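Lettering of chains follows the sequences in order, A, B, ..., and the numbering in each one begins at 1. The structure presented is a predicted model; accordingly, all values stated were derived computationally and were not measured.
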Protein chains: 2
Amino acid sequence: MKRTVFVFSALIVSLLILFQLSKYAYVSNDISIEIIISVIAIVFLVIGLYINRKSSKNQKHLSIAIDHKKVKQLGISKREYEVLVQISRGLSNKEIADTLFVSESTIKTHVSNLLLKLDAKRRTQAIQKAKDLQILPV
Amino acid sequence: MKRTVFVFSALIVSLLILFQLSKYAYVSNDISIEIIISVIAIVFLVIGLYINRKSSKNQKHLSIAIDHKKVKQLGISKREYEVLVQISRGLSNKEIADTLFVSESTIKTHVSNLLLKLDAKRRTQAIQKAKDLQILPV
DNA sequence: ATCGTTTTGGCACTTTGGTATGAGTCCCAC
DNA sequence: GTGGGACTCATACCAAAGTGCCAAAACGAT
């Protein structure tokens, strides 16, 4: 939002500058009218591209953002979410147990609960559903 | 590529038109010089935005684009790739067998070969690696 | 301090996944 | 027409994943 304001301010300022320049060009007759117009064209092309870059960056961030609210809505606890992340990295229950310093039984319990909460039959399906729900980076 | 050519053609044409207009404005003195400049500014702003929209669309397509060459490099066959896609959708071997109209044994063979070729220990890891290698939509 | 949730874990059991091996069919290239 | 690759399938076996049930410890809020 703040950036949009900044962009429009810059736009207005450059407009004013260009009006001044165009008057100056008019005074010194026809030597540079094409150059002025070219400059204007380039400047506004760049401005257009700049605005575009901003919006595409926003899109990127949106597609990566994780919906923490949805995690809570699904009743997925903090620890369960950690397990979910490790599952999506392709780790086995034993490996997850080792990285989280708990027993494999515990991981199995967490996984079982995750499958229930995500309405999935397998861990691979859980990964897919979690990404659809934007609770895992796509 | 074709669209880029189109955009640049439009850009050059509009430039020529604007030069003509600017000369006309010069002949009819200073009544419309600001208007001409405004028009130029708006036109090129729009062109910039248009190019931006295109490039952001391209970015989207790029992030989704699949590296078919890499699939071949890894020696993954057509059928194996089909199985890989179904794995990433979260299907079980039996379900994949049903959707591809073959036996579960066949799918097991394909999966085993896939794990070898992707250097993965589990199907979840295969999904992860395949996405890293851009042979599956991220 | 007590209640509810989370986290942890064990055990027995079933299901699914993955390996190894071997083999038959099909098709394409040389 | 022969060899090689891709696709198919089976069997046997082991590993991993997942279920059900239970229960204790830890934690957080009122």
* Integer-rounded Å distance: D:dA6 P and B:Tyr81 OH -> 17 Å
* So, is B:Arg79 near the phosphate of D:dT8, with a side-chain N or O under 4.0 Å from OP1 or OP2? -> yes
* Structure fact -> Closest to the 5' end of DNA chain C, once A:Phe101 and A:Lys117 are matched to their nearest nucleotides, is A:Lys117
* A:Thr109, nearest nucleotide to its side chain (from D:dA17, D:dA10, C:dG9) -> C:dG9
* **Nearest-neighbour nucleotide for the B:Val102 side chain, D:dT8, D:dG18, C:dT19 considered** => D:dT8
* Spacing between A:Glu104 atom CD and C:dC11 atom C1', to the nearest angstrom -> 13 Å
* To do: Scan A:Ser92 against the nucleic acid and name what it touches under 4.0 Å (heavy atoms): base, sugar-phosphate only, or nothing.
  => sugar-phosphate
* Length of the CD-C1' vector between B:Glu80 and D:dT8, whole Å -> 12 Å
* To do: Give a yes-or-no answer on whether the side chains of B:Thr106 and B:Ser103 include a donor-acceptor pair shorter than 3.5 Å.
  => yes
* To do: Round to the nearest Å and state the distance from B:Lys108 atom NZ to C:dG18 atom P.
  => 9 Å
* **Phosphate contact (D:dC9 OP1 or OP2) by B:Thr106 side-chain N/O below 4.0 Å** => yes
* OP1 or OP2 of C:dT16 less than 4.0 angstrom from a side-chain nitrogen or oxygen of A:Arg122, does that happen here? -> no
* Would you kindly give the CG-to-P distance between B:Leu84 and C:dG17, to the nearest whole Å? => 15 Å
* Asked: Would you say A:Ser103 reaches C:dG9's phosphate, i.e. side-chain N/O to OP1/OP2 under 4.0 Å?
  -> yes
* Asked: What integer distance in Å separates A:Gln125:CD from D:dA17:C1'?
  -> 14 Å
* Structure fact -> NE2 (A:His110) and CD1 (A:Ile87) are apart, to the nearest 0.5 Å, by 10.5 Å
* To do: May I ask you to evaluate whether A:Ser77 reaches the phosphate of C:dT5, defined as a side-chain N or O under 4.0 Å from OP1 or OP2?
  => no
* **Integer-rounded Å distance: D:dG18 C1' and A:Ile96 CD1** => 13 Å
* Side-chain heavy atoms of B:Arg89 within contact of B:Gln86, under 4.5 Å -> yes
* Nucleotide D:dG5, atom P - distance to NZ of B:Lys72 in whole Å -> 17 Å
* To do: Among the candidates C:dG9, D:dC9, D:dG18, find the nucleotide nearest to the side-chain atoms of A:Ser105.
  => C:dG9
* To do: Could you tell me whether the phosphate oxygens of C:dT7, OP1 or OP2, come under 4.0 Å of any side-chain nitrogen or oxygen in A:His110?
  => no
* A:Lys117 side chain to A:Ile76 backbone, donor-acceptor under 3.5 Å -> no
* Asked: With a 3.5 Å cut-off and no angle check, do the side chains of B:Asn93 and B:Arg123 form a donor-acceptor pair?
  -> yes
